[in-house]
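One structure below.
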Amino acid sequence: MRLSPCTNTSHRPTTSRPKAVLTRIHVEESFSGDITGDGVVEFLQAARADGSASFVGIERVTGELGGRRGTFLLQDAGTVQDNIVSGDWFVIAGSGTRELTGLRGEGGFRANLGEGAQVHLDYWFE
């Protein structure tokens, strides 16, 4: 794709309300089970007037996975619909540290808004 600079522009003010509101959300969470540790995530969310939303985020997980300790990053994408949060995530290649070096994986999550989530991560090491 090639983009050319635009030389003539015009701007027309609008009085309409935006169709979606962008919000930055900071979340700190704890994991137990096969993943044991803490996560810190920054989300960017587009919330619509009907209460639904779409979001993306990057989460740093610090702890233990399958008996190995270290940190790794998850890239998240999901939706909020009818007070249910659901989405998919994957381990960002090259983000694993210490005993989690080479970690790869993908999975997802689902929760009622404001409650603990059911999460899963299928993972492997390169």
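The ring pair (Phe, Tyr, Trp, His ring centres under 6.0 Å) test applied to Phe109 returns Trp89, not counting sequence neighbours. Phe90 pairs by the ring pair (Phe, Tyr, Trp, His ring centres under 6.0 Å) definition with nothing, not counting sequence neighbours. In this structure, the ring pair (Phe, Tyr, Trp, His ring centres under 6.0 Å) partners of Phe55, at least two apart in sequence or on a different chain, are Phe43.
Closest heavy-atom contact between Ala47 and Ala53: CA-CB, 3.8 Å. Nearest heavy-atom pair, Leu65 versus Tyr123, reported as atom, atom and distance to 0.1 Å: CD1-CE2, 3.6 Å. Closest non-hydrogen pair, Leu121 versus Ile35, comes out as CD2-CD1, 4.1 Å.
By the 4.5 Å heavy-atom criterion applied to side chains, Val91 and Leu100 are not counted as neighbours. Between Thr101 and Phe125 there is no side-chain heavy-atom pair separated by less than 4.5 Å. Contact of the Val40 side chain with the Val27 side chain is not registered, since no non-hydrogen atoms from C-beta on lie closer than 4.5 Å.
Heavy-atom contacts from other residues, nucleotides or ligands closer than 6.0 Å to CG of Asp34 number 12 or fewer.
Evaluation of the salt bridge (charged side-chain N to carboxylate O under 4.0 Å, His left out) test over residues 96-110, restricted to residues two or more places apart or in two chains, returns Arg104-Glu126. Legend: side chain to side chain donor-acceptor pair (under 3.5 Å) pairs involving residues 39-58, not counting sequence neighbours, sorted by first then second residue: Arg24-Glu42, His26-Glu42, Arg48-Ser52, Arg48-Ser54, Asp50-Ser52.
Interatomic distance, Ser95 OG to Leu103 CG, rounded to the nearest 0.5 Å: 6.5 Å.
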Would you mind writing out the side-chain donor-acceptor pairs for residues 69-82 within the sub-3.5 Å range, not counting sequence neighbours?
| from | atom 1 | to | atom 2 | distance (Å) |
| --- | --- | --- | --- | --- |
| Thr71 | OG1 | Thr97 | OG1 | 2.8 |

Run the side-chain contact (heavy atoms from CB on, under 4.5 Å) check on Thr23 and Val21 step by step: do they pass?
CA-CA 6 Å; Thr23 305; Val21 176; 4.1 Å; yes
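Criterion: ILVMFWY side-chain heavy atoms under 4.5 Å apart, direct or through other members. Under it, Val119 and Ile25 are part of a common hydrophobic cluster. Two different hydrophobic clusters hold Ile92 and Val56 under the rule that ILVMFWY side chains link at heavy-atom gaps under 4.5 Å.
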